[in-house]
Amino acid sequence: MSESENKADIVPVRMGRNTGFQFECHKGVSCFTKCCRGIDIILTPYDIIRLKNKLELSSEEFLAIYTEPHLFEKTDLPVVTLKLLDDEIRSCPFVRDEGCLVYDDRPTTCRYYPLGVGNLSHGEEGGDDDKDFFFFVNEPHCKGFDEKKEWTVKSWRADQGVDIHDEVNAGWTDLIVRKRSFPPNVQWTPKAKEMFFMACYNMDAFKRFVFESPFLTKFDVDEARVEKMKTDELALLEFGFLWLKDVFFLKEEENKLFKPKG
């Protein structure tokens, strides 16, 4: 695949949830798995939980083996991308000619393809359906658009499971959108970025932070929530999002989610 063929063309047409399109990907199309090479995939918090559990790895092990850290453009927040193979076509480590080895737990970006998703800036008006917009990632080699299967954005999201992924990741997305609304000169300290990384991506470290440090002795956290977090990673992840929001975005004491004990 040439460099020009490998570049995706993001069509600058905003799509709503009811916008229709034709697309299907299966082993019968000539480009099968080509979209799994040479693409930078940002992993969401839920992606990391799904993949590390699929591979039976700790979050530290998964992050060390399969990811690369970056700072997200316009926010200066840490994100992680999937580490691609060091071959000529920068292949995904989980793709084979016959398909994806982790298909049931594939990342959110892979589930959305051939769509991309964006968010408006924090604080803009509109209901939930107005906050998101979608667009085509139209790669020249993709033959999936020649297939006759018809979808709407809404039906595609439900079929691919991204509606569930987006729901779980909503708190993380909100944090990024909130930070993006800050003036460029407002930067977080390295320590703050470490806290964000831990709570969003390293569940093992965050669980130790919550349960093995004085954290729970300092803040009034509902006992039922605490018990659920001991065994439910999604409950722990949601708590992490709320905690980050409380620390970095809720400045007025009456708006704080977690009150100091005593």
Side-chain angles (χ1 to χ4, degrees), residues 42-50 52 59-60 63 69-80 108 117-128 130-132 164-262:
I42 293 178
L43 296 176
T44 69
Y46 189 39
D47 292 339
I48 293 172
I49 288 176
R50 293 281 297 261
K52 64 104 173 171
S59 54
E60 285 103 336
L63 290 166
H70 302 273
L71 291 177
F72 195 58
E73 186 180 4
K74 297 183 180 180
T75 68
D76 201 40
L77 291 178
V79 295
V80 294
T108 307
V117 62
N119 292 87
L120 298 177
S121 297
H122 176 70
E124 293 194 32
E125 296 299 325
D128 290 341
D130 296 323
K131 290 181 181 179
D132 297 325
I164 298 171
H165 278 243
D166 286 349
E167 181 180 349
V168 175
N169 289 314
W172 174 71
T173 303
D174 179 62
L175 292 168
I176 291 175
V177 173
R178 284 173 180 269
K179 181 61 171 65
R180 191 171 61 196
S181 69
F182 280 24
N185 63 325
V186 179
Q187 300 293 324
W188 283 4
T189 65
K191 184 64 176 178
K193 293 175 185 177
E194 288 178 12
M195 292 167 61
F196 182 91
F197 186 95
M198 175 183 64
C200 292
Y201 310 124
N202 193 340
M203 282 295 96
D204 294 329
F206 185 57
K207 188 172 185 177
R208 290 194 296 270
F209 172 75
V210 172
F211 291 104
E212 298 178 19
S213 80
F215 181 88
L216 291 175
T217 65
K218 295 180 178 180
F219 297 98
D220 188 13
V221 182
D222 180 72
E223 290 186 10
R225 182 191 289 274
V226 171
E227 288 303 310
K228 189 173 184 180
M229 289 193 299
K230 290 179 180 179
T231 57
D232 187 334
E233 286 184 308
L234 297 189
L236 183 63
L237 183 65
E238 180 185 31
F239 177 81
F241 297 154
L242 292 172
W243 174 65
L244 290 171
K245 180 179 178 180
D246 191 78
V247 171
F248 296 115
F249 298 105
L250 298 184
K251 299 302 182 182
E252 299 298 330
E253 191 63 34
E254 61 268 22
N255 291 330
K256 288 291 185 180
L257 302 172
F258 305 113
K259 309 293 185 182
K261 286 186 175 180

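Predicted model only: the values in this text are computed from it and were never measured. In this chain, residues are counted from 1 in sequence order.
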- [ ] Run the salt-bridge test on D174 and R178 with the 4.0 Å N-O cut-off and return the result as yes or no.
- [x] yes
Task: Any donor-acceptor N/O pair, K179 side chain to T75 backbone, under 3.5 Å - done: yes
Task: Rounded distance [0.5 Å steps], CG in N202 versus CD in E60 - done: 4.0 Å
Task: Main-chain N/O of T108 paired to D47 side chain as donor or acceptor, under 3.5 Å - done: yes
Task: Reported SG-to-CG distance for the pair C200 and L43, which is rounded to 0.5 angstrom - done: 13.0 Å
TODO: Nearest 0.5 Å please: distance from the OG1 atom of T189 over to the CE atom of M195.
DONE: 8.0 Å
Task: CD1 (I164) with more than 12 external heavy atoms under 6.0 Å - done: no
Open item on the list: Can you give me the closest heavy-atom contact between R225 and L242, atom names plus distance?
Closed with: NH1-CD1, 3.7 Å
TODO: Classify the ring geometry between F209 and F206 as parallel (under 30°), tilted (30 to 60°) or perpendicular (over 60°).
DONE: parallel
Task: Residue pair L244 / W172, side-chain heavy-atom distance below 4.5 Å - done: no
TODO: For I42 and F72, work out which heavy atoms get closest and say how close.
DONE: CD1-CE1, 3.6 Å
Open item on the list: Just verifying a value: how many Å separate L236 CG and T231 OG1, rounded to the nearest 0.5 Å?
Closed with: 10.0 Å
TODO: Nearest 0.5 Å please: distance from the CD1 atom of I49 over to the OH atom of Y201.
DONE: 12.0 Å
Open item on the list: To the nearest 0.5 Å, what is the distance between CG on L216 and CE on M229?
Closed with: 6.0 Å
TODO: Measure across F196 and P78 and return the closest heavy-atom pair with its distance rounded to 0.1 Å.
DONE: CE2-O, 3.4 Å
- [ ] Answer yes when K228 and E238 have at least one side-chain N-carboxylate O distance shorter than 4.0 Å, and no when they do not.
- [x] no
Open item on the list: Main chain of K230, side chain of K207: is a donor-acceptor contact present, judged purely on distance under 3.5 Å?
Closed with: yes
Open item on the list: For the backbone of W188 and the side chain of D76, can you confirm whether one donor and one acceptor N or O come within less than 3.5 Å of each other?
Closed with: no
TODO: Might you point out which heavy atoms bring M203 and S59 nearest each other, and give the distance in Å?
DONE: N-OG, 3.5 Å
Task: A199 to L237 - nearest heavy-atom pair and separation - done: O-CD1, 3.9 Å
- [ ] Only counting residues at least two apart or in another chain, list the ones meeting side chain to side chain contact (heavy atoms under 4.5 Å, CB included) with N185.
- [x] P183
- [ ] Please work out whether the ring planes of F215 and F239 are parallel, tilted or perpendicular, with thresholds of 30° and 60°.
- [x] perpendicular
Open item on the list: Looking at every heavy atom in both F248 and F182, which two are closest together, and how far apart are they?
Closed with: O-CZ, 4.5 Å
